[in-house]
Number of protein chains: 2
Amino acid sequence: MTESPSTTKKAPSRIQQRNRTLILDAALEVFSSQGYRGATLDQIAKQAGLSKPNILYYFNGKQEIHVTLLNQLMTVWLDPLKEMNPNGDPIKELIGYVHRKLDMAIELPRESRLFANEILQGAPRMGPHLSAGLKPLFDKQIIVITRWMESGKIARSDPAHLLFSIWATTQHYADFAAQTEVLLPDRQAREDGARAFLDQLFTKLLTP
Amino acid sequence: MTESPSTTKKAPSRIQQRNRTLILDAALEVFSSQGYRGATLDQIAKQAGLSKPNILYYFNGKQEIHVTLLNQLMTVWLDPLKEMNPNGDPIKELIGYVHRKLDMAIELPRESRLFANEILQGAPRMGPHLSAGLKPLFDKQIIVITRWMESGKIARSDPAHLLFSIWATTQHYADFAAQTEVLLPDRQAREDGARAFLDQLFTKLLTP
DNA sequence: TCGTGTCTTTACCAAATGGTAAAATTTAAT
DNA sequence: ATTAAATTTTACCATTTGGTAAAGACACGA
């Protein structure tokens with residue numbers, strides 16, 4: 001029986017694994033720079049070095065590629081937040097989180113833009129994941145941070161907005177790169193400056 | 001001679017003014033929520049209550065509507081930055097700027113998202129305006145802030161990244177509303193919390 | 001009210017785009 | 001080597017979408 005591998009759940013062949021990876025890589029490139037509607041299967045196919053029908057042999061449609069990508073990268077994206085250790089030194093943990101997020105924005109700007117695009121459009125294909133995936137983790141870490149504040153180890157502020165501000169300031173360097181690159185053209189200086197500034201900003205906020 | 005008013009530069013009639021406004025309003029709604037490629041002339045037409053050909057009577061094409069919108073709103077968007085008074089009290093000026101930007105994000109989320117969409121895609125239709133419009137103003141205000149720091153009236157930090165962090169944290173509430181609304185559903189609490197937090201964040205940073 | 005120019009609608013079109021059918025080719029186990 | 005299954009290509013198709021032509025409706029000054 002000849003059936004598309006996109007529905008089959010049996011062991012994927014070497015070719016299948018290679019091509020699905022190829023497609024998802026290409027899709028990340030295209031979706032992150034063009035948005036969901038701006039991206040075309042032809043662009044993804046060309047970027048992947050495959051034909052359009054070939055791509056539809058591995059995925060049931062454009063939407064499935066996009067959703068697969070979002071699901072797959074969600075884990076990577078939330079990892080730094082999970083890694084915060086409730087028993088570590090609060091300032092170290094939070095400043096460390098800031099640095100890890102900034103590193104991710106610099107090293108994985110496509111992933112950042114992929115999510116930014118999706119959220120900007122109202123998260124039409126990710127809404128459930130926000131409630132089911134992000135929200136619980138968010139609430140959990142809010143509690144951790146609140147405890148840290150109550151223990152007096154860091155200054156009191158609103159933990160939720162603290163996280164928002166960390167996300168906003170770090171992802172800004174990926175999502176608004178077209179702007180920051182015009183305003184601060186020297187890449188190395190910009191990245192070093194960002195690190196130093198965010199360190200200072202959040203250290204001052206958190207130090208009791 | 002019958003000619004489209006989009007090329008004519010003569011005094012626009014009452015109807016012309018009304019309909020161009022109607023179209024630009026509709027276009028703001030659609031472009032900001034769907035992005036440039038995601039927006040269709042049919043959507044804009046429906047939103048404006050006009051027919052598609054009628055819309056193309058007033059504008060020469062989709063791109064012209066978009067560019068007109070960007071140009072028109074650029075002024076409004078940069079206004080708060082211009083308003084910073086070099087002779088005022090530095091902390092008051094900067095904190096005031098933060099509050100004005102946050103108010104704009106809350107009151108004009110569509111404008112914020114319109115620009116966010118455009119920058120995210122690499123500013124393909126706005127690139128020149130960044131260099132020609134924003135850059136000079138940015139550089140000028142960097143100098144003002146630098147002087148404030150040198151005078152000892154505010155703590156030293158990187159002025160460019162200070163502005164980036166103000167933009168990032170305030171616009172976050174408009175651009176990532178789909179996310180913040182899931183994580184902090186109570187609108188009033190969210191907005192009040194944002195104001196208080198950003199006030200605290202930047203006051204701590206700037207106080208010498 | 002008449003006529004000229006302004007505005008709107010109807011009826012289209014060509015290109016782009018997501019997707020499919022089925023033939024052709026390649027892979028791999030026997 | 002043979003063959004059955006997996007993979008890729010070729011040739012399409014229906015819909016959507018930005019855009020146009022031209023006829024029709026309307027406004028308004030003389």
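Lettering follows sequence order; numbering is per chain, from 1.
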Subject >> Reference residue A/E29; test side chain to side chain donor-acceptor pair (under 3.5 Å); the match among A/Q47, A/R110, A/Q43 >> reply: A/R110
Original post:
In whole angstrom, what separates B/I65's CD1 from D/dG19's P?
Top reply: 8 Å
Original post:
In whole angstroms, how far is the C1' atom of D/dC26 from the CG atom of B/N19?
Top reply: 13 Å
**OP:** Round to the nearest Å and state the distance from A/Y58 atom OH to C/dG18 atom P.
**Re:** 20 Å
Original post:
What are the residues of residues 37-54 of chain A, sorted by number, that bring a heavy atom to within less than 4.0 Å of DNA chain D?
Top reply: A/R37, A/S51, A/P53, A/N54
**OP:** May I ask you to check whether B/H161 and A/Y173 place their ring centres under 6.0 Å from each other?
**Re:** yes
Original post:
So, for A/A27 and A/I65, which heavy atoms are closest and what is the spacing to 0.1 Å?
Top reply: CB-CG2, 3.5 Å
**OP:** If the plane angle is over 60° it's perpendicular, under 30° parallel, otherwise tilted; pick one for B/Y36 and B/F31.
**Re:** parallel
Subject >> Length of the line joining B/Q34:CD and D/dT16:P, which is rounded to integer Å >> reply: 15 Å
Original post:
Over how many whole Å does the gap from B/Q63 atom CD to D/dG18 atom C1' extend?
Top reply: 12 Å
Subject >> Residue B/Y57, side-chain atoms from C-beta onward, closest of D/dG19, C/dT6, C/dG18 >> reply: C/dT6
Original post:
Do the rings of B/F164 and A/H172 sit parallel, tilted or perpendicular, given the 30° and 60° boundaries?
Top reply: tilted
Subject >> Test: A/K135 and A/D139 ion pair at under 4.0 Å >> reply: yes
Original post:
When the distance from CG of B/N60 to P of D/dT20 is rounded to whole Å, what number comes out?
Top reply: 8 Å
Original post:
Given atom CG of A/L56 and atom C1' of D/dT9, what is their separation to the nearest angstrom?
Top reply: 13 Å
**OP:** Let me know the distance between NZ of B/K62 and C1' of D/dG19, rounded to the nearest Å.
**Re:** 12 Å
